[in-house]
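Every chain is numbered from 1 and lettered A, B, ... according to where its sequence line falls, protein lines coming before strand lines. Just so it is clear, the values below take in all heavy atoms, side chains as well, and ignore hydrogens, waters and symmetry mates. Quick caveat: nothing in here was measured; it's all calculated off a predicted structure.
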2 protein chains.
Amino acid sequence: MHNFQALFDYVQKLSGETLSADDRQVFITHFKPKKIRKRQYFLQEGDVCKYTGFIVKGAAKTFTVDEKGHEHILKLSIENWWLADFESFYKLTPSRFNIEALEDLEILQITHSLVEEFIRPIPAFSAMQNVLSQNNTIAAQKRMQSSISQTGEERFQELVNDYPHFIQRFPQNLIASYLGLTPETLSRIRKNALK
Amino acid sequence: MHNFQALFDYVQKLSGETLSADDRQVFITHFKPKKIRKRQYFLQEGDVCKYTGFIVKGAAKTFTVDEKGHEHILKLSIENWWLADFESFYKLTPSRFNIEALEDLEILQITHSLVEEFIRPIPAFSAMQNVLSQNNTIAAQKRMQSSISQTGEERFQELVNDYPHFIQRFPQNLIASYLGLTPETLSRIRKNALK
DNA sequence: AAATACGCTTGATAAAAGTCAATCTATTTT
DNA sequence: AAAATAGATTGACTTTTATCAAGCGTATTT
């Protein structure tokens, strides 16, 4: 039996509400456990993102590949995050992004229509969605603010302060890409910062 | 009597639902019309953003000022947008942003607690919030993607394509700041693009 | 009408970041 | 164990963008 406890804990924590036994059963009925091995894709550019997945274990990157073949990482996702290209997921349009497992992934996945029909009616879940939406708005605003007004070095320092576990968990070339820098530039930034 | 029609139209359009006469009365009771003259502040750094305002007429910029005294514009807002620093508005913490009228503003403003108590229970409104939240997530993702993977010139071209009315309505130095560029750099980018 | 602000442009120079190539180390994979 | 791969670093050089300063029109203000 797959581990739904992480999902229950997460929903309850963010919503501040309790899930009844019946609620839990609805989750268990509609979310499907799935494993994705390292280097496998959860989503490929051009495909429709039919599922969103709650990460129970593992990590993934969401990225594009430009004309020169360079990767640009938009998101790094770990346990207790939702995996999806939400534009494609909401609108059922082909995605511009790839999502690839960086470590073996265990997720609980579900389609948009099943969420709408069965999961969103659960009050704790929609309360969680509201909190999550607020958190995401705030985080997106902060990241955008950094991006337009700070140097690479300042953005890196902010990441070290705000998400130190990301620095430990992911190799530097991925962190660099997430910050909009090349690996060489981040390497030099770190060298200079050591003074 | 202030123009609530723009707000009603907006809520109905985004939600796909109809507002009853009673619903409308709830809006009229709790939203307060306010005028803010050009160059006046809706919000100042360090203050708590107690209100969100629906823009009926006019335009505003949301920006920070860095240690060197340079402005960085995070958002440019016009009719049918909501004005606020949502981090400060949701959490009632002091804001890091300033919001200033670029043109005389007519807004309909309301506090967070009044929204929660009286407005959000209106189904069309909460449906609108859901759609808005999705749209914002998608737009934020797209802008972030541009920021980490494109040059200034490409970001400018994208803005011209996606929001041509912004280019017409705001001076170039504000557009430059919104794109994370100096006015000089944007001026040169445009000169080169004319070839 | 004169004075002032503002916005845009251009030039010269500096700083930040990217590109390409080489090397080194530490894992993985075979 | 050997081979292959992945990640990090460094050097030389280029491109992109910022900075500072000046000049020029056009609104606004007085």
Can you tell me the distance, in whole Å, between the CD atom of A:E184 and the C1' atom of D:dA6?
14 Å

Counting side-chain heavy atoms from C-beta on, which of C:dA17, D:dG11, D:dT17 comes nearest to A:R155?
C:dA17

Euclidean distance, atom CD1 of residue A:I189 to atom C1' of C:dA15 [Å, nearest integer]:
13 Å

Evaluate B:S146 against B:E158 for side chain to side chain donor-acceptor pair (under 3.5 Å), listing each step before the verdict.
CA-CA 9 Å; B:S146 293; B:E158 198 166 278; 2.5 Å; yes

Whichever of B:R39 and B:G180 has the more 5' nearest nucleotide on DNA chain D, that residue is B:G180

I need the CD-C1' distance between B:E71 and C:dG7, as an integer number of Å.
14 Å

Any strand, both distances under 3.5 Å, Watson-Crick or G-U wobble: C:dA5 pairs with none

With no hydrogens and no angle check, is any side-chain donor or acceptor of A:N98 less than 3.5 Å from a backbone partner on A:T64?
no

What is the distance, to the nearest angstrom, from the CZ atom on A:R188 to the C1' atom on C:dC20?
11 Å

Look at the aromatic rings of B:F31 and B:F27 and report parallel, tilted or perpendicular, splitting at 30° and 60°.
parallel

Taking the minimum atom-to-atom distance to the side chain of A:Q172, which one of D:dT9, D:dA18, C:dT9 wins?
D:dT9

Taking for A:P171 and for B:K68 the nucleotide of DNA chain D with the nearest heavy atom, the one nearer the 5' end belongs to A:P171

Distance test, side-chain N/O of B:T182 to OP1/OP2 of D:dT17, below 4.0 Å
no

Expressed as a whole number of angstroms, how long is the span from A:E153:CD to D:dA18:P?
17 Å

N/O (side chain, B:N173) to phosphate O (OP1/OP2, C:dC6) under 4.0 Å:
no

Ranking C:dG18, C:dT10, D:dT9 by distance to the side chain of A:L181, first place goes to C:dG18

Within 90° of 0 counts as syn, otherwise anti: where does C:dA5 fall?
syn

Can you measure A:L186 atom CG to D:dT10 atom C1' for me and round it to whole angstrom units?
15 Å

Base, sugar-phosphate, or nothing for A:T185, non-hydrogen atoms under 4.0 angstrom?
base

Quickly work out the A:Q150 CD to D:dA18 P distance and round it to whole Å.
14 Å

Taking a pair to mean Watson-Crick or G-U wobble geometry with both distances below 3.5 Å, D:dT26 pairs with none

Keeping B:T137 on the side-chain end and B:S133 on the backbone end, is there a donor-acceptor pair under 3.5 Å?
yes

Check this one for me: any side-chain N or O of A:K191 less than 4.0 Å away from OP1 or OP2 of D:dT9?
no

Do the rings of B:F54 and B:Y10 sit parallel, tilted or perpendicular, given the 30° and 60° boundaries?
tilted

To the nearest Å, give me how far apart CD (A:Q168) and P (D:dG7) are.
18 Å

